[in-house]
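One structure below.
When a residue number appears, it is its place in the shown sequence, counting from 1. Just so you know, these numbers come straight off a predicted model, no measurement behind them.
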Amino acid sequence: MPAANRDPAEFDDPDTFRPGRKPNRHITFGHGMHHCLGSALARIELSVVLRVLAERVSQVELLDEPTWLRAIVVQGYRELPVRFTGR
C-alpha cells in the first residue's frame, strides 16, 4: 500500500511531490469499502494547518535530510527537521 501513490506505471516521476499533478488518481484515503472514515476530518485539518502556516510563515527551511518511516501499511517521515520563519 505505501507504494500505491508512487507507482511509476501510474505517475510520471512518482517520487517527486507535485500537488498539482494531473491526472492524479491517488488512493490516499483508500477506495470503496476500504475508504477511510476519517478522510473528511483529515482534509479539514490539513486545510486549516496549511492556511494558518501560509498566514504566519514566510519561509520553511529544510535543516537536514528526512528520516523515512517504512511500514507495511504506512509510509511517511519519522523525522522532518525544518525551521519556520515567521512573517
Under 3.5 Å, which donor-acceptor pairs link side chains of residues 13-20 to any protein atom two or more places apart or in another chain?
unit_1	atom_1	unit_2	atom_2	d
Asp13	OD1	Thr16	OG1	3.1
Asp13	OD2	Thr16	OG1	2.6
Asp15	OD1	Arg6	NE	3.2
Asp15	OD1	Arg6	NH2	2.9
Arg18	NH1	Asp12	O	3.2

N/O donor-acceptor pairs under 3.5 Å from side chains in residues 77-87, not counting sequence neighbours:
unit_1	atom_1	unit_2	atom_2	d
Arg83	NH1	Glu61	OE1	3.1
Arg87	NE	Ala54	O	3.0
Arg87	NE	Glu55	O	3.4
Arg87	NH2	Ala54	O	3.1
Arg87	NH2	Val57	O	3.3

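Hydrophobic clustering (ILVMFWY, side-chain heavy atoms < 4.5 Å, transitive): Leu62 and Val49 are in one cluster.
A distance of 9.5 Å separates OG of Ser39 from CD1 of Ile44, quoted to the nearest 0.5 Å.
Environment of CG in Leu37: sparse, with no more than 12 heavy atoms of neighbouring residues, nucleotides or ligands closer than 6.0 Å.
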